[in-house]
Amino acid sequence: LLLLGLLVSFSLSGYAQKEVRQLARSGNKLFQKEQYDKAELEYRKALEINPSDKVANFNLANTLVRTERGEEADKIYQEMLKEIKILPKDEAADVAHNAGNLAMAKKDYAKAIEMYKESLRRRPTDEETRYNLALAQKLLEQQQQDNNEENQDNKDNQEQQQQDNQQQQNQQDQQQDQQKDQQKDQPNKQHQLWKESLRFSRFLIGNGPRQCGEDPSSLSTRREGYAA
């Protein structure tokens, strides 16, 4: 992270300006010692006196980044970027550079590229920013390629699922058709069994023992069969 030099707000009284500078210097020393919590308190004290102080805001944002509060830091950077045209070139370059770093951390490579390019417009000789820009461009290309492959895989999976669903539906339709055919055949089989049973009954009736109105000669013949 890059720290800005002190800026003086001429709208403040001489005493207030001096106090803001002192607090900012104190915060910078603590920041260099990696005492980020204490540095944050100093910057916030300065901002209580002058909320628009660019140095205190920028270095507070840097401190927030160091303490893993990137979202809060990014809000400060983005507010400062709204006034990038009126910032000194080096300071504008630092704000855009740090905003690019935050975008990289979130894998928002398109945003990072935008920020690094903005930084290089203000300071074209910054090799670190140029390196980060090239890396962001490479990572964005890889990200887009991965997304395309993932989208193709999803499309293939959807098509396969549709084919599986269609095959399953065809099997269900086939089973239903078979059941319908079986149901159609069932009455015919029952009718066939009924006709066979009827014929068999007729056969028994027509050829069985005659109990009533039998021919006497037939009865006498059977009696003779039982004679001693």
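What you see is a predicted model; the values in this text were computed from it and never measured. Start at 1 with the first residue, then count along the sequence.
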Is a side-chain donor-acceptor pair under 3.5 Å present for [Y] with [X]?
X      : Y      : value
Asp94  : Tyr77  : no
Asn101 : Tyr116 : yes
Gln32  : Asn28  : no

Worked check of salt bridge (Lys or Arg N to Asp or Glu O under 4.0 Å) between Glu72 and Lys75 | CA-CA 5 Å; Glu72 189 176 351; Lys75 290 179 181 179; over 6 Å; no
How long is the gap from [atom1] on [X] to [atom2] on [Y], to the nearest 0.5 Å?
X      : Y      : atom1 : atom2 : value
Leu140 : Lys138 : CG    : NZ    : 13.0 Å
Asp53  : Leu60  : CG    : CG    : 11.0 Å
Leu30  : Asn59  : CG    : CG    : 12.0 Å
Arg21  : Asn50  : CZ    : CG    : 12.0 Å
Glu83  : Met80  : CD    : CE    : 8.0 Å
His97  : Arg123 : NE2   : CZ    : 8.0 Å

Checking the side chain of [X] only, and the main-chain atoms of [Y] only, is there a donor and an acceptor separated by less than 3.5 Å?
X      : Y      : result
Arg122 : Pro88  : no
Ser119 : Met115 : no
Asp74  : Ala99  : no
Glu118 : Leu81  : no

Could you check Asn132 against Glu128 for side-chain hydrogen bond (donor to acceptor under 3.5 Å, both in side chains), going step by step and ending with a plain yes or no?
-> CA-CA 6 Å; Asn132 287 358; Glu128 181 180 349; 4.7 Å; no
Counting only heavy atoms not in Gln172, do more than 12 fall under 6.0 Å of its CD?
->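 Yes, enclosed.
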CD of Glu141: more than 12 outside heavy atoms within 6.0 angstrom?
->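 For Glu141, atom CD is not crowded (no more than 12 foreign heavy atoms under 6.0 Å).
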Taking every non-hydrogen atom, the tightest pair across [X] and [Y]:
X      : Y      : result
Ala112 : Ala103 : N-CB, 3.5 Å
Ala46  : Val20  : O-CG2, 4.0 Å
Ala61  : Ala73  : O-CB, 3.3 Å
Thr63  : Ala39  : OG1-CB, 4.4 Å

Salt bridge present between Lys117 and Glu114 (N-O < 4.0 angstrom) =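 Answer for the salt bridge query: no.
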Using a strict 4.0 Å threshold on nitrogen-to-oxygen distance, state whether Glu42 and Lys45 make a salt bridge.
->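 Salt bridge between Glu42 and Lys45, a charged N being under 4.0 Å from a carboxylate O: yes.
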Taking the side chain as every heavy atom from C-beta outward, state whether [X] and [Y] have any pair of such atoms under 4.5 Å apart.
X      : Y     : value
Thr67  : Asp37 : yes
Lys54  : Glu91 : no
Arg66  : Asn62 : no
Lys106 : Glu71 : yes

According to a hydrophobic-cluster definition based on side-chain heavy atoms being under 4.5 Å apart (Ile, Leu, Val, Met, Phe, Trp, Tyr only), do [X] and [Y] belong together?
X      : Y      : result
Tyr109 : Leu120 : yes
Val65  : Leu41  : no
Ile113 : Leu102 : no

Do you know which of Gln162, Gln161, Gln169 makes side chain to side chain donor-acceptor pair (under 3.5 Å) with Asn165?
->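 It is Gln161; the other options fail the test.
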Ring pair (Phe, Tyr, Trp, His ring centres under 6.0 Å) involving Tyr36 - partner list, sequence neighbours excluded |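 Tyr36 satisfies ring pair (Phe, Tyr, Trp, His ring centres under 6.0 Å) with Phe31 once adjacent residues are dropped.
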Would Gln163 and Gln166 satisfy side chain to side chain contact (heavy atoms under 4.5 Å, CB included), going step by step from the backbone distance to the final call?
-> CA-CA 5 Å; Gln163 291 177 1; Gln166 185 62 45; 5.6 Å; no
Begin from the C-alpha positions of Leu133 and Gln137 and carry the test side chain to side chain contact (heavy atoms under 4.5 Å, CB included) through to its verdict.
-> CA-CA 6 Å; Leu133 172 61; Gln137 290 171 330; 3.8 Å; yes
